[in-house]
Amino acid sequence: MLRARMPRPGRELRLLDREGIDELGALTADVADLAAMVAACEGVDAIVHLGGISGEADWASIRDANIEGTYAVFEAARQTGVRRVVYASSNHAVGFVHQPDDPDLEMPDDLGPRPDSYYGVSKVVGEALGSLYHDRYGLDVVCLRIGTCAAEPHDLRGLSTWLSPDDCARLVEAALTTPSPGFRTVWGVSANTRRVWSLEGGAAIGYEPRDDAEVFADRIGPGDPAKDEVGRRYVGGPFTL
Ligand code: 15L
């Protein structure tokens, strides 16, 4: 999704995945392989770290891919002098935070950790590593607490948490180019009518979302009542189950 939306004049993308990418110059490596990550980061200006398991899994898998992998990314950045890391964190780092009943109350970008899963724990650790590498080594680190990034929302919760692919690209672009962001956490969400997560942190880095999940509202049929309820109640919705 992002790759197709990232090209800019003068920008060269260096792509890396664990499975081969069919594109000239793309690298194949495990994100947790520090030596491979150091080699991949030589001469790079900024890293967009999306690697890892993107949902709940057993502890060993989450630890190996998401925690060891994110450590390797930050450490490789440090060793090679990369100045900025944009980190795909997740709403599940704070998934057990109660959503406000009052729709006028928006949830701030810098909520403290309340993970809802091992996956959420790995995102908390990733953010903590980003904080450490900022404070100790001066890296700029923007952690995006991404909601539901998909072509379109598929349930009631998604009408609030959706991040459209185009807005995702706008958000990553802002995180890559805003001057001196320091360390920060920013919600990754579109300008959804039913949104309860703030857009203030995004605005502070120049993110201007243009999409609204409401255009899909008519297509969302009645869902599983328990999942819809927990989606209203907690940031992380069904992950809390
Ligand atoms: C995430 O962090 C996951 O990567 C994705 O699969 C979705 O479950 C999303 O959160 C969400 O909360 O909808």
Are any non-hydrogen side-chain atoms of [X] and [Y] less than 4.5 angstrom apart?
X: Met6; Y: Leu176; value: yes
X: Pro181; Y: Arg84; value: yes
X: Arg14; Y: Leu27; value: yes
X: Tyr207; Y: Leu199; value: yes

Open item on the list: So, using salt bridge (Lys or Arg N to Asp or Glu O under 4.0 Å) as the criterion, who are the partners of Asp109 when residues are at least two apart?
Closed with: none
Open item on the list: The criterion is salt bridge (Lys or Arg N to Asp or Glu O under 4.0 Å); which residues satisfy it with Arg11, sequence neighbours excluded?
Closed with: Glu173
TODO: Please name the residue in the list Phe183, Tyr87, Phe74 that meets the ring pair (Phe, Tyr, Trp, His ring centres under 6.0 Å) test with Tyr133.
DONE: Phe74
- [ ] Scan for side chain to side chain donor-acceptor pair (under 3.5 Å) pairs involving residues 21-48, sequence neighbours excluded, and state none if there are none.
- [x] Arg3-Glu23
Crowded around [X] [atom1]? As in, over 12 foreign heavy atoms under 6.0 Å?
X: Arg8; atom1: CZ; result: yes
X: Gln79; atom1: CD; result: yes
X: Glu208; atom1: CD; result: no

Open item on the list: Out of the candidates Val86, Val141, Val31, only one should pair with His49 under the side-chain contact (heavy atoms from CB on, under 4.5 Å) rule; please name it.
Closed with: Val31
Quick one: pull up [atom1] in [X] and [atom2] in [Y] and give me the separation to the nearest 0.5 Å.
X: Leu111; Y: Phe96; atom1: CG; atom2: CZ; result: 15.0 Å
X: Tyr118; Y: Asp58; atom1: OH; atom2: CG; result: 9.0 Å
X: Asp110; Y: Glu200; atom1: CG; atom2: CD; result: 10.0 Å
X: Asp211; Y: Glu152; atom1: CG; atom2: CD; result: 12.0 Å

Task: Pair Ser160, Asn192: side-chain N/O donor-acceptor within cut-off below 3.5 Å - done: no
TODO: Tell me yes or no: between the side chains of Gln99 and Trp197, is some donor less than 3.5 Å from an acceptor?
DONE: yes
Open item on the list: For a quick test of reading the model, state the closest non-hydrogen atom pair linking Val172 to Leu2 and the distance between them.
Closed with: CG2-CD2, 3.9 Å
Open item on the list: For Met1 versus Ala151, what's the shortest heavy-atom pair and its separation?
Closed with: CE-N, 3.9 Å
Open item on the list: Regarding Arg194 and Glu214, does a basic nitrogen lie under 4.0 Å from an acidic carboxylate oxygen?
Closed with: yes
Open item on the list: Tell me whether the rings of Trp162 and Phe216 are parallel (<30°), tilted (30 to 60°) or perpendicular (>60°).
Closed with: perpendicular
Open item on the list: Is it the case that the side chain of Thr70 and the backbone of Asn66 share a donor-acceptor pair, with hydrogens and angles ignored and the cut-off at 3.5 Å?
Closed with: yes
